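Written out below as structure tokens is the structure these notes cover.
The chains referred to below are lettered A, B, ... by the order of the sequence lines, with proteins before strands, and numbering in each begins at 1. Here the structure is a predicted model, which means the values were calculated and not measured. Note that these values count all heavy atoms, side chains included, but never hydrogens, waters or copies made by symmetry.
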Amino acid sequence: MLPVPELPEVETVARQLQPRLAGRKVHSLRILDARLRNGRTPALRGRKIRGVRRSGKRVLIEFTAAPRHRDDLYLAVHLRMTGRLLWVPEHAPRRTSHLRARFELDRGTLLFVDTRRFGTFEWFRSDTEAAPTGVDPLESGFTPRRLDELVLGVRQNAKAWLMRQDKLVGLGNIYASEILHAARVSPLREIASLTSVERRALHRSIRRILSRAIENCGTTFSDFQDARGVSGSYQSLLAVYGRERLRCGRCGGTIRRIVQQQRSTFFCPACQR
DNA sequence: ATTATATCCTGATCGC
DNA sequence: TGCGATCAGGATATAA
């Protein structure tokens, strides 16, 4: 199973890149896939990387101003399905398939590899401009009250709602199922019909599942020099996703797979009401 | 205005 | 063994 980058995976990528890239000077950027050139690609020569962090589901790379470029610059990399940001120390000229862009740095190279080419580059001049529209579920502003406001008047089912990036930013197909299971809420429930007790459980589950995933993602993506970079223990954390017909670890019921919004949803009908 | 659906893309897997 | 069909899903454009 491929670890599709949702919030915890993107957080992990950003945390691992930060110490390696912060302070590095950029010699050049070569974009090899024209799809990554939406509008103008700003000049990078002479800029340094100030830092790398997560912004919603995107990796935000912050560049300093430079003598010839007076403004700060921000690049938001959206990994979508198969995008990988790989840091290669020194000059290790490796043959990499699906290479879409490469940053030559004063020490090492940053590669953007993306088999399915869904990934995107977006350039911004300030971090407010780069900020996502939805609420970050791990920020302090995401309170139970805020959740109440966000679901107000929405008539979608709980699964579809959780994946709306204009409400909460960062959840995808896998964690949406996991969170609903943790909250004991059926994915079929209309989101605005949840009781206050259920909404409270949902809020808790969103934060708990994401935090726990972040704690464990170090083992999911452990090695940025390996283009595969993915190993096993991720799967053992999943309570329902990909576990159709298996037993629910909480109640012993049988996990079911249904299709919502053309996407698989996994849940336990016995304990998710 | 809000919600549902088709589309992008390519490697892996499935069925015959 | 081979080959076409199907599946996977984040976000967006388009349709309802």
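- The side chain of A:Gln262 contributes an N or O atom lying less than 4.0 Å from OP1 or OP2 of B:dA6.
- You'll find the side chain of A:Arg15 stays beyond 4.5 Å of the side chain of A:Thr12, heavy atoms only.
- Between A:Arg263 and C:dA11 there is no side-chain N or O to OP1 or OP2 distance below 4.0 Å.
- A donor and an acceptor atom, one from each side chain of A:Ser264 and A:Arg257, are located under 3.5 Å apart.
- Ring geometry, A:Phe103 versus A:Phe121: the interplanar angle falls from 30° to 60°, so the pair is classed tilted.
- The interatomic distance linking A:Phe118 (CZ) with B:dT7 (C1') rounds to 8 Å, in whole Å.
- Residue A:Leu162 contributes atom CG, which lies 12 Å from atom P of C:dG10 at whole-angstrom precision.
- Straight-line distance from the NZ atom of A:Lys57 to the P atom of C:dT12: 10 Å, rounded to whole Å.
- In this model, the phosphate group of B:dC9 is not approached by any side-chain N or O of A:His98 to a distance below 4.0 Å at OP1 or OP2.
- Atom pair A:Lys159:NZ and B:dA4:P shows a separation of 13 Å (rounding to whole Å applied).
- When the side-chain nitrogen and oxygen atoms of A:Arg164 are compared with OP1 and OP2 of C:dG10, none of them lie within a distance under 4.0 Å.
- Contact of the A:Arg84 side chain with the A:Leu111 side chain is not registered, since no non-hydrogen atoms from C-beta on lie closer than 4.5 Å.
- The side chain of A:Arg35 sits closest to B:dC8 out of C:dA11, B:dT3, B:dC8.
- Between A:Arg117 and the phosphate of B:dT10, there is a side-chain N or O to OP1/OP2 separation shorter than 4.0 Å.
- Using a 4.0 Å heavy-atom distance criterion, A:Arg58 is classed as making no nucleic acid contact.
- Between A:Ser264 and C:dA8 there is a side-chain polar atom (N or O) within less than 4.0 angstrom of OP1 or OP2.
- Between the P atom of C:dA8 and the CD1 atom of A:Ile174 lies a distance of 12 Å, rounded to the nearest Å.
- Distance, A:Leu171 CG to C:dA11 C1': 15 Å, rounded to whole Å.
- Of the N and O atoms on the side chains of A:Thr82 and A:Asp114, at least one donor lies less than 3.5 Å from an acceptor on the other residue.
- Rounded to whole angstrom, the span from the CH2 atom of A:Trp161 across to the C1' atom of B:dT2 amounts to 16 Å.
- B:dT10 atom P lies 16 Å from atom CZ of A:Arg84, rounded to whole Å.
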